[in-house]
Amino acid sequence: MTSKIRWGILGPGGIANTFANDLVHLPDAQLVAVGSRSLDRAREFAAKHNMPNAYGSYEELAQDPNVDIVYVATPHQAHKENVLACLQAGKAVLCEKPFTVSASELEELVAVARKNNVFLMEAMWTRYLPAIVKVQEWLAGGLIGDVRMVDVKFGNRAEWRPESRLFNPELAGGALLDVGVYCISFVSMIMGQQPSAVHSVARIGTTGVDEEFAALFGYEGGRMASLMAGLRLKTKHQAVISGTEGEIRIPIFWNAKSAELSVYGKEDEHFEDSGAAKGYVYEAAEAMRCLREGKIESDRMTLDESLAIMRTMDKLRADWNMKYPFE
C-alpha cells in the first residue's frame, strides 16, 4: 500500500456522491478516479470531488493502475458484472448493498475473490456506525441477558414511479433488496446466524415486485425475530432487541445516531453519536484497515455471512414466487 489508499468510484449516482463526501474524513484516503457509462457525468463528478481521472466506461476504471480499491455504486442488477470486472483486474472492491441479486451471483464473486486473493466486502454501512458498535458492546457484555426477540421495521412511502429502480423488475426493484436487506442483515448481526424457520407474506405490486413484506424468523432455542419493510408504507425505522434482563432500542437503526439501553431495575443508558460524518466513512475505514493488514475479507462482515444473508433473501423470494425477468 502507498501512504494513502487510492479509491475509485464506479457509478457516480447519489449514494456515490454521499460516499465521496464522507471519504474526506479519512486523511489516509484519496479519491483518484470515477467511472461512468457517460464521460460527461464522470467528468462532472470528478470536478465536484476534485478527482484527477474520469472515465467514460467502467472497464477503464477497473484497469487504472493507480486505483487500489473500487467502491461499486451501480443499480442492484449490475453489481455482479461490475464487481467481477474489478476482481478480474485485481482491484479490491467495496460493493454497495445488496451485494448481488441472488446467492448464486454472490457465490461466483466470492469464488473469484478467494481464488485471486483479492479483497471483497459488502458495503453494509450500518454495521460500522458508532451507535451500532455500542449496541454490540452492550450485547457482548450480557447487559440485557439472553436475547430472545428482535423487532425491526424499515418502511418508506416512495413516490410511485413504475419505471424507477425501486419498482422496475428489470432493475431488481422491490422492498426486499432496497430496504429489507437492512433488516435481515441487522437481525443476522444480532442473532449470529440465519433462521431455521422462515414465515413471510408480501404484497406484490402491479410491476411485479414486492412493495411490502413482513416476516417471522425462528431460531434454535425458541429465539425469534419479526421484520417489516416496505416502499409504499411509512413506518418508524426502529429496531428493538429484547432480552431476559432488558432491551435495547435504536430509533433509526439503519442510519443509527443513537441507541438506548434499558436494564430492569436500573437507570436507562443513552448513547449519542455527535460525529459530523454521514456514516459511510466507517465502512470505508474498515475496508482500508483490511487492505493494510493484507486481508481479503472483513472479519466484521464476512463473505460467508453475506452469502448466508443472500440465501435467506432467496428463500423469501421463493416463498413469494417472485423472480426478476433476467433470472
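- Within a 6.0 Å sphere centred on CG of D299, other residues, nucleotides and ligands contribute more than 12 heavy atoms.
- Hydrophobic clustering (side-chain heavy atoms under 4.5 Å, transitive across Ile, Leu, Val, Met, Phe, Trp, Tyr) keeps F213 apart from M224.
- Inspection of the S57 and R37 side chains reveals no N or O donor paired with an N or O acceptor under 3.5 Å.
- The distance from atom CE of M124 to atom CG of L94, rounded to the nearest 0.5 Å, is 11.5 Å.
- Screening M301, E96, E283 for a side-chain contact (heavy atoms from CB on, under 4.5 Å) with E122, the sole residue that qualifies is M301.
- A salt bridge between E286 and R300 is present, with a side-chain N of the basic residue lying under 4.0 Å from a carboxylate O of the acidic one.
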Intermediate values then yes/no, side chain to side chain contact (heavy atoms under 4.5 Å, CB included), R114 and I296
CA-CA 7 Å; R114 288 174 173 169; I296 65 167; 4.2 Å; yes
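- With respect to R289 and E293, a salt bridge is recorded, a charged nitrogen being found less than 4.0 Å from a carboxylate O.
- When side chains are defined from C-beta on, Q238 does not count as touching V152, because their heavy atoms never get closer than 4.5 Å.
- Side-chain contact between P162 and T206 is absent, with no heavy-atom pair separated by less than 4.5 Å.
- Atom CG in N168 sits 8.0 Å away from atom CD in E163 (nearest 0.5 Å).
- In this pair, F253 and F154 present their aromatic rings perpendicular. The plane angle is above 60°, beyond the 30 to 60° band.
- Remark: the E247 side chain and the S262 side chain contain no N/O donor-acceptor pair separated by less than 3.5 Å.
- The two residues E159 and R232 have their closest heavy-atom pair at C-NH1, 4.1 Å.
- Residue-environment remark: NZ (K115) stays at or below the threshold of 12 foreign heavy atoms within 6.0 Å.
- Cluster annotation: I5 and Y128 are assigned to the same hydrophobic cluster (Ile/Leu/Val/Met/Phe/Trp/Tyr, side-chain heavy-atom contacts under 4.5 Å, transitive).
- In summary, the side chains of N255 and H237 do not present any donor paired with an acceptor at a separation below 3.5 Å, with no hydrogens or angles considered.
- Taking 4.5 Å as the limit, every side-chain heavy atom of L233 sits out of range of all side-chain heavy atoms of R157.
- Taking all atoms of both residues into account, the shortest heavy-atom contact from A62 to A85 is CB-O, 4.1 Å.
- Put simply, the side chain of N156 does not reach to within 4.5 Å of the side chain of L231, judged on heavy atoms.
- Other residues, nucleotides and ligands place more than 12 heavy atoms under 6.0 Å from the CG atom of D304.
- When ring centroids are compared, F186 and W254 stay outside the 6.0 Å threshold.
- Under the 4.5 Å side-chain heavy-atom criterion for ILVMFWY residues, a single connected hydrophobic cluster contains both V32 and V281.
- Put simply, NZ on K236 and CD1 on I252 are 11.0 Å apart, with the number rounded to the nearest 0.5 Å.
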Run the side chain to side chain contact (heavy atoms under 4.5 Å, CB included) test on V240 and S242 for me, step by step, so that the C-alpha distance in whole Å, both residues' side-chain angles and the decisive distance to 0.1 Å come before the verdict.
CA-CA 6 Å; V240 179; S242 300; 3.9 Å; yes
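- Taking each heavy atom of L87 and F119 in turn, the nearest pair found is CD2-O, 4.1 Å.
- In this structure P130 satisfies the side chain to side chain contact (heavy atoms under 4.5 Å, CB included) test together with F271, D273, Y282, sequence neighbours excluded.
- Note that the CG atom of N82 and the OH atom of Y58 stand 6.0 Å from one another [nearest 0.5 Å].
- Between V93 and the choices V72, I69, L109, V118, the side-chain contact (heavy atoms from CB on, under 4.5 Å) rule is met once, by V72.
- Here the rule is ring-ring contact (aromatic ring centres under 6.0 Å, His included) with W125, and of Y280, Y71, F19 only Y280 fits it.
- Taken to the nearest 0.5 Å, the OH atom of Y182 stands 12.5 Å off from the CZ atom of R127.
- Note: the hydrophobic cluster containing V83 also contains L291 (ILVMFWY, side chain heavy atoms under 4.5 Å, direct or indirect links).
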Would L176 and M322 satisfy side chain to side chain contact (heavy atoms under 4.5 Å, CB included), going step by step from the backbone distance to the final call?
CA-CA 11 Å; L176 178 64; M322 192 184 91; 5.6 Å; no
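- Of the N and O atoms on the side chains of T244 and R148, not one donor lies less than 3.5 Å from an acceptor on the other residue.
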Between D268 and R249, does the salt bridge (Lys or Arg N to Asp or Glu O under 4.0 Å) criterion hold? Intermediate values first, please.
CA-CA 11 Å; D268 288 357; R249 296 178 295 276; 3.6 Å; yes
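- Note: F45 and H49 have tilted aromatic rings, judged against thresholds of 30 and 60 degrees for the angle between ring planes.
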Using side chain to side chain contact (heavy atoms under 4.5 Å, CB included), reason through M191 and R223 one step at a time and then give a plain yes or no.
CA-CA 9 Å; M191 294 301 196; R223 297 182 302 156; 3.3 Å; yes
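- Between the side chains of H270 and E272, at least one donor N or O sits under 3.5 Å from an acceptor N or O.
- A salt bridge between R165 and D178 is present, with a side-chain N of the basic residue lying under 4.0 Å from a carboxylate O of the acidic one.
- Side-chain contact, S102 with S104: a donor N or O sits under 3.5 Å from an acceptor N or O.
- What you find for G35 and L61 is that their closest heavy atoms are N-CD2, 3.7 Å.
- Neither side chain, T302 nor E297, offers a donor N or O lying under 3.5 Å from an acceptor on the other.
- The structure places CG of L307 at 5.5 Å from CD of E107, a figure rounded to the nearest 0.5 Å.
- Using a 4.0 Å cut-off between charged side-chain N and carboxylate O, D64 and R6 make no salt bridge.
- Across every non-hydrogen atom of I9 and A20, the tightest pair is CD1-CB, 3.9 Å.
- Remark: R317 does not engage D319 in a salt bridge, criterion side-chain N to carboxylate O under 4.0 Å.
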Anything under 3.5 Å between a donor and an acceptor, one on a side chain of residues 133-144, the other on a protein residue two or more places apart or in another chain? List them.
residue	atom	partner	partner atom	Å
K134	NZ	E137	OE1	3.1
W138	NE1	E269	OE2	3.4

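- A single hydrophobic cluster is not seen to contain both M228 and W320; linkage of ILVMFWY side chains at heavy-atom distances under 4.5 Å, directly or through other members, places them apart.
- By the 4.5 Å heavy-atom criterion applied to side chains, Y324 and L171 are not counted as neighbours.
- Side-chain contact annotation: S188 with Q193, donor-acceptor N/O pair under 3.5 Å absent.
- Scanning both residues, P12 and R41, for their nearest heavy atoms gives O-NH2, 2.8 Å.
- Remark: E44 CD is loosely packed, at most 12 non-hydrogen atoms of other residues, nucleotides or ligands lying under 6.0 Å away.
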